[in-house]
*Asks:* 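Before I ask anything, here is the structure I am working with.
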Amino acid sequence: MQITEYYKAATVEDAYQRLNLDSSNAILGGALWLKQTSKPIQTAIDLSALKLNVIKQESAYFEIGSMVTLSQLYDADSLHQMTDNLLKESLASIMGVAFRNMATVGGSVIGRFAFSDLITPLLVLQAELVFYHQGQMRLTAFLDQKKPPKDILISVRIPTIKGRAFFKKVSNTVLDFSILNLAIFKHESVLIGVGARPGIGTLAQAMMDYLNHADKIDETVINEAVEIGLQTIQLSHNQRAQKAYRKQVLKTYLKRGLIEVMNCEH
Amino acid sequence: MNIRLRINGKWITFTVKPDEFLLDTLRNNQIISVKKGCDGSTCGSCTILLNNQPVLACSLLSVRADESTILTVEGHAEEVEKIAVAFGKEGADQCGFCNPGMALMIIALKQSHKNPTDDEIKHYMVGNLCRCSGYQAQFKAIKRYLEERL
């Protein structure tokens, strides 16, 4: 890891201009995984003076500044009340307090880390990203891009939709990266996200379509939905777990999570 | 680049590189109670209190800490002594490498939680690894220290 120059931006425009001066310039989020990168950085741009570390509640959405730390987000009680503690549970599983005091929401999203325990719940909460230059973009669209935009993430917006939620992180040890994570959020429809497959988090679209068009939800329908999920959600292997193991874990927790949020009798 | 840090009550100016981490800045200047363990944001041995919040010195660029207040165990000698006594009474101390980071987390826990439950203690301390003791004795020692401090 090598940084040639450190630059504390005075305004968002200043940060944006500096970012686009050189292809090897980069924005600093929490910089927790910076040491693991090998690509040299010409100018590391710090956004900490831009007051992007604020969570605001508007009528239609919560606006989470990109420099909000995971600890700040963990303490956002009104957001957790609305989301049935979905984000709180996912954040609680991310390393320890000292780590979360440094890691930022923006860095966690822009990093597009395949092991992310934050992206999966954000997907099912239908989060939108607000960029300085490109404007508003759905998180799903951002994740679908091959290369992230050379832009400044200002905030993450979460619609104020109340629902029931389920989150599960499966890992070999408490502090290890996930073998798999699963987030389910049910309001008028149900959204299901699967991450650390080991690929980046994704919505289980075919499974969601099946459930959201079902006349009634019972155990038979849930079993069928789980089968659709297992056939359509792309899983693979890495040093933490084999594909077959992930599939078994996913099967168990998909069923358990759906029964919980759908309020079904087992 | 020059930065200024208030370490354990004393303002000190350092000359640092843009890619230098605070752990190295501190240790290179003889503040060696801050331990280098995993050096990758995982073990908690390098925990310090930055503006009263526990952070990992191994992953904080020194330039980002400019004009901040830093506390290490040397700056909390009286409390750390009491934590050490509690650790001793519960047999929670073996090699001692993780103790400075753990002591600072315990101090931060006490500041942020008036009367923490067992689960809150475990949740708060989960980022501080110990490869000797197995945690049970340390957990008892933390409870003993907190109860005696109430």
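Note that these values count all heavy atoms, side chains included, but never hydrogens, waters or copies made by symmetry. Letters A, B, ... are given to chains in the order of the sequence lines, protein chains preceding strands, and every chain is numbered from 1. Keep in mind that what you see is a predicted model, and the values were worked out from it rather than measured.
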*Asks:* Could you pull out the closest heavy-atom pair between B:D19 and A:Q2, with the gap in Å?
*Replies:* OD2-CA, 3.4 Å
*Asks:* Please determine, among B:C58, B:A108, B:G101, B:G44, the option with the most heavy-atom pairs under 4.5 Å with chain A.
*Replies:*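 Highest number of heavy-atom pairs under 4.5 Å: B:C58.
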*Asks:* Checking heavy atoms, do the side chain of B:L109, its backbone, both or neither come under 4.5 Å from chain A?
*Replies:*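 For B:L109, no heavy atom lies under 4.5 Å from chain A.
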*Asks:* Over all heavy atoms of both residues, which pair between A:A31 and B:R64 is shortest? Give the atoms and the distance, please.
*Replies:* CB-NH1, 3.9 Å
*Asks:* So which part of A:L34 gets closer than 4.5 Å to some heavy atom of chain B, the side chain, the backbone, both or neither?
*Replies:* side chain
*Asks:* Please name the pair of heavy atoms, one in A:L175 and one in B:G127, separated by the smallest distance, quoted to 0.1 Å.
*Replies:* CD1-CA, 4.2 Å
*Asks:* So which of B:L50, B:T47, B:V55 has the biggest tally of heavy-atom pairs under 4.5 Å with chain A?
*Replies:* B:V55
*Asks:* To the closest 0.5 Å, what do you measure between CG (A:N101) and CG (B:N52)?
*Replies:* 11.5 Å
*Asks:* Measure the spacing between NE2 of B:H123 and OH of A:Y74 and express it to the nearest 0.5 Å.
*Replies:*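 Output value for this atom pair is 3.5 Å.
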*Asks:* Pick whichever of B:N128, B:L56, B:L60 has the most heavy-atom pairs under 4.5 Å with chain A.
*Replies:* B:L56
*Asks:* A:I41 versus chain B, heavy atoms under 4.5 Å apart: side chain, backbone, both or neither?
*Replies:*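 Nothing of A:I41, per the 4.5 Å heavy-atom cut-off to chain B.
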*Asks:* Would you say that more than 12 heavy atoms from the other residues, nucleotides or ligands in this model lie under 6.0 Å from the OH of A:Y245, or not?
*Replies:* no
*Asks:* Counting only heavy atoms closer than 4.5 Å, note whether A:M95 contacts chain B via side chain, backbone, both or neither.
*Replies:*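 Contact with chain B: backbone and side chain both.
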*Asks:* Checking heavy atoms, do the side chain of B:D39, its backbone, both or neither come under 4.5 Å from chain A?
*Replies:* both
*Asks:* Taking the side chain as C-beta and beyond, is there a heavy-atom pair between B:F21 and A:M1 under 4.5 Å?
*Replies:*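 Yes - at least one pair of side-chain heavy atoms lies under 4.5 Å apart.
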*Asks:* Return yes when atom NZ of A:K243 has more than 12 non-hydrogen atoms of other residues, nucleotides or ligands closer than 6.0 Å, and no otherwise.
*Replies:* no
*Asks:* For A:A92, is it the side chain, the backbone, both or neither that has a heavy atom under 4.5 Å from a heavy atom of chain B?
*Replies:* both
*Asks:* Is it the side chain or the backbone of B:M1 that comes within 4.5 Å of chain A heavy atoms, both, or neither?
*Replies:* side chain
*Asks:* Search all heavy atoms of B:P18 against all heavy atoms of A:T4 and return the closest pair with its distance.
*Replies:*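 That closest heavy-atom pairing would be CG-O, 3.3 Å.
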*Asks:* Can you name the residues that form a salt bridge (charged side-chain N to carboxylate O under 4.0 Å, His left out) with A:K88, not counting sequence neighbours?
*Replies:*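 Applying salt bridge (charged side-chain N to carboxylate O under 4.0 Å, His left out) to A:K88 gives A:D77.
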*Asks:* Of the backbone (N, CA, C, O) and the side chain (C-beta and beyond), which part of B:L129 lies under 4.5 Å from a heavy atom of chain A, both, or neither?
*Replies:* side chain
*Asks:* CG of A:L32 to OG of B:S41: how many Å apart, nearest 0.5 Å?
*Replies:* 4.5 Å
*Asks:* Got more than 12 heavy atoms from elsewhere within 6.0 Å of NZ, A:K35?
*Replies:*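 Atom NZ in A:K35 is crowded, with more than 12 foreign heavy atoms closer than 6.0 Å.
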*Asks:* Does NE2 in B:H113 sit with more than 12 non-hydrogen atoms of other residues, nucleotides or ligands closer than 6.0 Å?
*Replies:*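 Yes, because the 6.0 Å sphere around NE2 of B:H113 holds more than 12 heavy atoms from other groups.
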